[in-house]
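What follows is one structure encoded as structure tokens, with my remarks underneath.
Every value quoted in this text rests on a predicted model; they were computed, and no experiment measured them. For reference, positions follow the sequence shown, starting with 1.
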Amino acid sequence: MIVLIRPIITEKALRLATNRQYTFEVDRRANAIQIGKAVAAEYNVTVSSVRTSNIAGVVRRFRKGQGHTRSWKKAVVTITKGGKIPGFEIEVESKD
């Protein structure tokens with residue numbers, strides 16, 4: 001089973017990354033222990049805690065009909081001090 005599906009790169013997730021909290025979409029069958037081990041192995045960091053939540057799909061309107069978004073599982077992984085996961089850096093734009 002592939003535990004980590006993709007990192008979540010949103011404005012809120014990038015703000016959390018400044019506090020060493022990283023957000024991932026994970027397999028719905030994975031538990032917190034499996035997620036922590038997968039993040040530690042993939043990014044070579046020490047995980048201090050893992051919080052998970054199931055995100056329910058919602059009904060959306062598309063043109064002349066309705067559709068349904070898929071349900072998924074989100075994990076917020078906190079790593080110990082000194083660790084860093086690449087790809088979650090906030091890029092500050094200059095106002096020139």
Side-chain angles (χ1 to χ4, degrees):
M1 169 173 59
I2 297 174
V3 177
L4 299 177
I5 297 174
R6 67 183 177 99
I8 304 297
I9 308 294
T10 60
E11 290 182 19
K12 184 176 181 179
L14 292 176
R15 280 196 309 271
L16 286 175
T18 60
N19 296 328
R20 298 180 331 272
Q21 295 179 338
Y22 300 95
T23 309
F24 296 93
E25 179 181 349
V26 295
D27 190 288
R28 293 185 69 189
R29 299 167 292 178
N31 60 31
I33 295 169
Q34 292 170 333
I35 295 166
K37 288 180 180 179
V39 170
E42 179 77 22
Y43 296 104
N44 197 21
V45 294
T46 305
V47 174
S48 62
S49 70
V50 177
R51 294 177 294 150
T52 62
S53 62
N54 288 308
I55 310 299
V58 294
V59 176
R60 298 282 186 191
R61 291 177 49 186
F62 300 105
R63 294 189 181 146
K64 293 186 177 185
Q66 289 185 348
H68 197 273
T69 61
R70 64 186 178 85
S71 299
W72 56 287
K73 189 171 189 175
K74 176 173 73 171
V76 178
V77 179
T78 305
I79 62 173
T80 57
K81 286 190 176 186
K84 189 175 180 182
I85 296 178
F88 283 90
E89 294 85 18
I90 296 176
E91 296 178 10
V92 179
E93 296 180 15
S94 62
K95 295 181 180 180
D96 290 339

Connected via hydrophobic side-chain network under 4.5 Å: [X] and [Y]:
{"X": "Trp72", "Y": "Val77", "result": "no"}
{"X": "Val45", "Y": "Leu4", "result": "yes"}
{"X": "Ile79", "Y": "Leu14", "result": "yes"}

To the nearest 0.5 Å, what is the distance between [atom1] ([X]) and [atom2] ([Y])?
{"X": "Lys81", "Y": "Thr46", "atom1": "NZ", "atom2": "OG1", "result": "14.5 Å"}
{"X": "Arg20", "Y": "Thr18", "atom1": "CZ", "atom2": "OG1", "result": "10.0 Å"}
{"X": "Asn31", "Y": "Lys37", "atom1": "CG", "atom2": "NZ", "result": "9.0 Å"}
{"X": "Asn54", "Y": "Lys74", "atom1": "CG", "atom2": "NZ", "result": "11.0 Å"}
{"X": "His68", "Y": "Arg60", "atom1": "NE2", "atom2": "CZ", "result": "10.0 Å"}
{"X": "Ile85", "Y": "Asn44", "atom1": "CD1", "atom2": "CG", "result": "10.5 Å"}

Compare every heavy atom of [Y] with every heavy atom of [X], then report the nearest pair and how far apart it is.
{"X": "Ala75", "Y": "Val26", "result": "CB-CG1, 3.9 Å"}
{"X": "Pro86", "Y": "Tyr43", "result": "CD-CD2, 4.4 Å"}
{"X": "Gly57", "Y": "Ser71", "result": "N-OG, 3.0 Å"}
{"X": "Lys73", "Y": "Thr52", "result": "CE-CB, 3.8 Å"}
{"X": "Ala13", "Y": "Thr23", "result": "CB-OG1, 3.9 Å"}
{"X": "Ile9", "Y": "Gly87", "result": "CD1-O, 3.8 Å"}

Do the non-hydrogen side-chain atoms of [X] and [Y] ever get within less than 4.5 Å of each other?
{"X": "Phe24", "Y": "Val39", "answer": "yes"}
{"X": "Arg51", "Y": "Gln21", "answer": "yes"}
{"X": "Tyr22", "Y": "Lys84", "answer": "yes"}
{"X": "Ile2", "Y": "Asp27", "answer": "no"}

So does Thr78 get a backbone contact from the side chain of Ser48, meaning a donor-acceptor N/O pair under 3.5 Å? yes
